[in-house]
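Data first, discussion second: the structure below is written as structure tokens.
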Amino acid sequence: MFWADELAASATGRQVINDSKTPSGTVHVGSLRGPVVVDTITRAFRDAERDVELRYGVDDLDPMDAQALLTPDAIEQFMGVPLSVVPDPAGDCHASYARHFAQVFIDTFAGLGIRPDTYYWMSEVYGSGAMDRYLRTALDAAGTIREIYRRVANVNHPDDWHPAMVICESCGRIGTTIVVGWDGERVRYECRPDLREWAKGCGHAGEVSPFGGRAKMPYNVDWAAKWDLFGVTIEPAGKDLSTRGGSRDRSDAIAREVFGNEPPRNVPYEFLNIGGKKMSTSKGLGASAAKVADVIPPEQLRLLFLRSKPNTAIEFDPAGTDAIPRLFDESDRLAAATAGREVRGELPLDHDRLFAVSLVDPEADVAAEAAAYRPAFSHLALLEQIPGVDLVERVTAEKGSSLTDRERELVEERRVAARAWLEAYAPDRARLAVHYDGVPAGAAELDDLQRSYLAALISALQAVEWNGEALQGAIFATAKQFELPAGRAFAALYLAFLGRDSGPRAGWLLTALSPEFVIARLGEAGSAGVGA
RNA sequence: GGGCGCCUAGCUCAACGGCAGAGCAAGUGACUCUUAAUCACUAGGUUCAGGGUUCGAAUCCCUGGGCGCUCACCA
């Protein structure tokens, strides 16, 4: 059974699935695995006609801690300030930094067919007072929480540490304050200059009621409180959080021992490695990660994540490899199998389910999608390199009937992807290079018969119209005259122009070149001894 | 130092206690009109190593090795 269906089958009752994200910057491809996993689990429940809700939280009360996207003077002003208060660095299109970047990932999710039932903003949840009772319980249990941190994670907070982060009344920072006292109604806090390396507190000390959005709980406590507030039953977490003594362990313990609530089921998931390395914006792999998303359409990106079980790391190396064309091929094979067509080789378990959940639209007509004509990616990449080729026309011819609107969309989507792939990743052998500056060295392999054939083509080609079909006909006809097998005839042409013994349909390739050049080259390659 | 994952054909992976398999790559061949397509065929393995359990182990257990990620600040 497909892993998500298995999970759905093993849970009883109504499910609340939750995930959340801090809107501190742009999303890279690797960080999309979590959302895709969460969405797919939700779909599995929904497909089994189970009651399920997907909630997605925006942790916009978290302090600003990434200075990469701020201007130098903004760094001093805003580091440590809640993201919901930091202005939008991209201009004035959004109310805040948090709103801007949250919109970026909401849009990204939507493009992948991920549609949470509810997006909630933690600044609003705290502001509404919904978290007040948890905050009170946590503050009352400060000693227990300090002990949990010590026991579970070996993190030692000072004895006067309390599980709350106050927004400093003086400077507005939340990342630099520490609560050192709690009298049951008000907290005493200090905004320390040296509490964090990445932000400088103003030194203010004060007393304030922490309720109604004036303070938030630290991450692990906050997480446990959300589980109870929303009745979360399943929350997948990346391996960075799922490690022993990590965030998930701490929050689990806090849920049980402080809030008296059984934590939700975890679905730990591994990451996506690009070329054997984890993705990181700081190591320059971030750029390539962003490009990955440009080259892989949503359906194939979903497949990339979903064909492996969540707890398996995914190795993906698109640079100079055929990993991307093969991802398309796999996708097409699944479609073919789902449509009931014969496919070669083995299929993954429940291949039709895998195909269905890789579709962007959860409501899509799976049978219709599977039946749609899908031109092979590598074939398109090749055609796309020949000037003057009408892709839709060619694909229509190969399909044998006119394309539906959806099929036309697929062609266009793949055309764009193929372009991007050729520019960013394609190995040299996938690139078409006409040797304009001289007969390629590979032409030395030509034998006398092939050379005579090339020479004879000069008049044969001049005798017909300069279009693909006519040239292709002449190439075949001349080969027949010379009793040269078609394969060897074509090889001669490819060697003369491309320096390799295979290539795209020769007639159409030649029409992309000027007649003068073609004739001249045939003359050079056709004379005995050239390149020998 | 702790945790998790991985190690099976050249590459990517499947098989999860019952005959080690696929895709791609490679090789051979077919093809007078899709010629980087399509089709047929071939080859490729001490399943990281060692031990154990079992009628039977790639699979379970133990020991060791290698690779990768991750945590031990914050979120």
Side-chain angles (χ1 to χ4, degrees), chain A residues 20-22 24 30 59 61-66 80 83 122 149 152-156 165 174-176 195-199 216 218-220 222-223 238-250 268-273 276-280 307-317 321-323 325-327 329-330 333 343-349 375-376 378-379 381-383 385 394-395 397-400 429-432 468-469 471-481 483-491 493-494 498 500-509:
Chain A
S20 55
K21 190 159 179 58
T22 303
S24 57
D59 292 323
L61 215 44
D62 288 358
M64 178 77 199
D65 65 355
L83 292 166
M122 285 314 288
Y149 271 79
V152 177
N154 200 27
V155 171
N156 290 294
M165 300 162 73
I174 192 172
T176 51
L195 190 66
R196 307 279 177 239
E197 282 178 15
W198 40 268
K216 77 179 280 284
Y219 181 55
N220 296 285
D222 183 75
W223 204 3
K239 64 136 56 172
D240 52 337
L241 306 178
S242 302
T243 190
R244 172 172 298 183
S247 285
R248 190 53 208 236
D249 270 6
R250 294 174 222 175
Y269 56 86
E270 272 279 354
F271 292 158
L272 169 71
N273 296 326
K277 294 285 163 208
K278 76 156 230 172
M279 283 200 261
S280 157
R307 66 180 171 181
S308 302
K309 289 175 197 148
N311 67 350
T312 305
I314 298 172
E315 298 291 338
F316 192 68
D317 186 5
T321 70
D322 57 356
R326 275 165 51 188
L327 181 59
D329 290 347
E330 175 71 2
R333 233 166 60 89
V343 301
R344 313 177 59 187
E346 286 179 351
L347 288 164
L349 238 49
S378 48
H379 190 46
L382 184 69
L383 293 173
Q385 293 178 83
R394 283 299 306 273
V395 173
E398 283 165 23
K399 183 195 173 193
R429 63 190 160 79
R431 293 204 174 88
L432 206 57
E469 204 165 325
L471 294 178
Q472 188 83 352
I475 290 164
F476 270 103
T478 310
K480 192 178 177 186
Q481 278 173 25
E483 294 183 356
L484 192 59
R488 292 182 50 72
F490 279 96
L493 271 172
Y494 296 129
L498 307 175
R500 54 182 64 185
D501 60 10
S502 59
R505 296 179 82 197
W508 283 264
L509 172 64

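Convention: sequence-line order gives letters A, B, ...; per-chain numbering from 1.
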Position toward the 5' end of RNA chain B (nearest nucleotide), A:P63 or A:A313: A:A313

For the student: nearest non-hydrogen atoms of A:I475 and A:A506, plus distance: CD1-CB, 3.9 Å

Closest non-hydrogen atom pair between A:T176 and A:L195, with its separation: O-CD2, 3.4 Å

Once you apply a heavy-atom cut-off of 4.0 Å, does [X] come out as touching a base, just sugar-phosphate, or nothing?
X      : result
A:R250 : sugar-phosphate
A:I475 : nothing
A:D62  : sugar-phosphate

In whole angstrom, give the distance that lies between atom [atom1] of [X] and atom [atom2] of [N].
X      : N     : atom1 : atom2 : answer
A:F271 : B:U70 : CZ    : P     : 7 Å
A:D240 : B:G5  : CG    : C1'   : 14 Å
A:N311 : B:G5  : CG    : C1'   : 8 Å
A:Y494 : B:A37 : OH    : C1'   : 10 Å
A:I314 : B:C6  : CD1   : C1'   : 13 Å

Among A:W223, A:Y149, A:Y219, the one residue meeting side chain to side chain contact (heavy atoms under 4.5 Å, CB included) with A:R250: A:Y149

Nearest to side-chain heavy atoms of A:K216, which nucleotide of B:C33, B:A75, B:G68: B:A75

Restricting to nitrogen or oxygen on both sides, can you table the protein-nucleotides 23-25 of chain B pairs closer than 3.5 Å?
residue: B:G23; atom: N2; partner: A:R326; partner atom: NH2; Å: 2.7
residue: B:C24; atom: O2'; partner: A:D322; partner atom: OD2; Å: 3.1

Secondary-structure notation, RNA chain B, from Watson-Crick and G-U pairs under 3.5 angstrom (| other strand): (((((((..((((....[..)))).(((((.......))))).....(((((..]....))))))))))))....

Interatomic distance at C1', B:C7 relative to B:G45, whole Å: 15 Å

